[in-house]
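Taking it in order: structure first as structure tokens, then the write-up.
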Amino acid sequence: MRRHPGRGEAGRRVNRPPVASPRGAEVGRRIGVGLMYGLWKPRVFGAWKVPATGPVIFAVNHSHNIDGPMVMGVAPRPTHFLIKKEAFVGPLDPFLTGIGQLKVDRATADRTAITQALGVLENGGVLGIFPEGTRGEGDFASLRAGLAYFAVRSGAPIVPVAVLGSTDRRGRLIKGLPPLRSRVDVVFGDPFDAGDGSGRRTRRALDEATERIQKQLTSHLENARRLTGR
């Protein structure tokens with residue numbers, strides 16, 4: 001007996017999370033372009049390396065709050081970032097959701113966020129992830145397993161992204177932001193596959209994928225620092 005596409009076993013309706021809006025992400029990209037180029041001086045390297053179509057995962061180092069918006073504003077394609085739920089407060093909640101960003105509870109295995117993120121990739125979109133899980137030194141020294149899971153599960157290539165200069169100095173007017181009109185460098189790397197080609201999704205396969213990813217991201221960050229002189 002055929003099942004209704006919106007129903008599970010015994011005809012029960014399955015409540016699926018809403019699909020992240022590609023149009024909203026494009027609006028977010030345009031807002032990011034205006035803000036990032038208006039407030040700072042982004043210098044972008046390697047944007048041509050980002051595949052023009054198909055699913056892609058941006059793996060972005062994270063040392064400052066502007067890193068995500070900066071990537072959204074300079075990337076050649078609209079990006080759906082996985083963002084901690086704590087950022088979705090007050091009017092920011094409907095705004096971030098409206099521009100296609102994904103709320104994630106980092107304290108649990110957030111099935112809603114996982115389903116939405118995989119949906120972005122299934123629809124051929126760009127998923128942005130901070131693989132370190134939280135803001136820190138931005139050196140890819142400690143990676144969580146989420147990036148490997150999404151890459152292996154979806155088969156989407158990973159594009160490493162290094163944001164450099166966002167923490168060099170504190171602004172005079174707003175201490176929590178880099179100085180206005182200061183230079184921030186964003187370096188996109190070569191796409192790579194996290195899996196070993198076997199299609200395995202076991203814990204061991206994910207651990208091995210995480211090791212491969214960390215080597216690639218660390219190497220990209222070193223190259224980005226040499227390229228930019230930072």
Side-chain angles (χ1 to χ4, degrees), residues 36 40 42-77 79-83 106 117 120-121 125-168 178 183-230:
M36 297 302 110
W40 294 284
R43 191 170 61 159
V44 184
F45 301 85
W48 58 270
K49 297 180 180 180
V50 177
T53 59
V56 175
I57 299 174
F58 285 162
V60 185
N61 67 326
H62 194 24
S63 57
H64 197 285
N65 284 331
I66 73 161
D67 295 340
M70 184 63 68
V71 172
M72 288 177 62
V74 305
R77 294 176 59 184
T79 307
H80 303 264
F81 267 99
L82 277 167
I83 302 174
R106 298 176 300 174
V120 166
L121 298 172
V126 179
L127 178 67
I129 295 179
F130 300 114
E132 296 159 291
T134 186
R135 192 170 71 251
E137 295 299 319
D139 56 4
F140 295 125
S142 178
L143 304 189
R144 293 192 174 189
L147 174 57
Y149 172 81
F150 288 120
V152 172
R153 172 75 182 270
S154 68
I158 296 173
V159 171
V161 186
V163 182
L164 303 172
S166 58
T167 59
D168 285 356
R183 196 186 82 203
V184 178
D185 294 332
V186 182
V187 185
F188 294 89
D190 294 312
F192 67 91
D193 293 324
D196 60 3
S198 68
R200 294 180 301 133
R201 299 177 186 173
T202 62
R203 170 53 59 187
R204 181 175 179 180
L206 292 179
D207 289 343
E208 292 172 353
T210 298
E211 291 182 13
R212 283 190 291 272
I213 291 169
Q214 187 158 29
K215 289 179 181 178
Q216 292 275 7
L217 298 187
T218 301
S219 175
H220 171 68
L221 185 59
E222 292 173 352
N223 292 335
R225 285 174 171 160
R226 283 195 295 267
L227 178 64
T228 61
R230 291 186 180 272

Residues which pass side-chain hydrogen bond (donor to acceptor under 3.5 Å, both in side chains) with Arg201, listed by chain and number, not counting sequence neighbours
none
Out of curiosity, Glu208 CD to Asp196 CG, how far, rounded to the nearest 0.5 Å?
6.5 Å
So does Lys215 get a backbone contact from the side chain of Ser219, meaning a donor-acceptor N/O pair under 3.5 Å?
no
side-chain contact (heavy atoms from CB on, under 4.5 Å), that's the test. Do Val161 and Asn61 meet it? Break it down for me.
CA-CA 7 Å; Val161 186; Asn61 67 326; 5.9 Å; no
Considering only heavy atoms from C-beta outward, does the side chain of Arg43 approach that of Val184 to under 4.5 Å?
no
Rounded to the nearest 0.5 Å, what's the gap from CZ on Arg106 to CD1 on Ile83? Could you check?
11.5 Å
Side chains of Val159 and Phe192 in contact at under 4.5 Å (non-hydrogen atoms):
no
What verdict does the ring pair (Phe, Tyr, Trp, His ring centres under 6.0 Å) test give for Phe58 and Phe81, after you've listed the backbone C-alpha separation in whole Å, the side-chain angles of each residue and the deciding distance to 0.1 Å?
CA-CA 9 Å; Phe58 285 162; Phe81 267 99; 7.5 Å; no
Whether the side chain of Arg225 engages the backbone of Arg230 through a donor-acceptor N/O pair (distance < 3.5 Å, no angle test) should be reported.
no
side-chain hydrogen bond (donor to acceptor under 3.5 Å, both in side chains) involving Arg153 - partner list, sequence neighbours excluded
Tyr149
When you look at Leu82 and Phe130, which way does the side-chain contact (heavy atoms from CB on, under 4.5 Å) test go after all the steps?
CA-CA 8 Å; Leu82 277 167; Phe130 300 114; over 6 Å; no
Please report the closest heavy-atom contact between Phe150 and Leu121, naming both atoms and the distance.
O-CD1, 4.2 Å
Would you say Asp185's side chain and Val44's backbone share a donor-acceptor pair under 3.5 angstrom?
no
Minimal non-hydrogen separation, Ala162 against His220, with atom names:
N-NE2, 3.6 Å
Val186 and Met70: side-chain contact (heavy atoms from CB on, under 4.5 Å), yes or no, with the steps?
CA-CA 8 Å; Val186 182; Met70 184 63 68; 3.6 Å; yes
Nearest heavy-atom contact between Ala151 and Ala194 is CB-CB, 3.7 Å
Taking all non-hydrogen atoms of both residues, which atom of Pro131 and which atom of Leu147 are closest, and how far apart?
CB-CD2, 3.6 Å
First locate atom CD1 of Ile158, then atom CD1 of Ile129, and finally report the distance between them rounded to the nearest 0.5 Å.
8.0 Å
For the pair His62 (side chain) and Val163 (backbone), establish whether a donor and an acceptor sit closer than 3.5 Å, ignoring hydrogens and angles.
no
Which pair of heavy atoms, one from Leu217 and one from Pro160, lies closest together, and at what distance?
CD2-CB, 3.4 Å
Flag, side chain of Thr79 to backbone of Arg77, donor-acceptor distance under 3.5 Å:
yes
In short, salt bridge (charged side-chain N to carboxylate O under 4.0 Å, His left out) pairs touching residues 48-63 with sequence neighbours left out are Lys49-Asp190
Evaluate the side-chain contact (heavy atoms from CB on, under 4.5 Å) criterion for residues Ile66 and Trp40: first the C-alpha distance (whole Å), next the side-chain angles of each, then the deciding distance (0.1 Å), finally the verdict.
CA-CA 11 Å; Ile66 73 161; Trp40 294 284; 4.1 Å; yes
Minimal non-hydrogen separation, Leu127 against Val120, with atom names
N-CG1, 4.2 Å
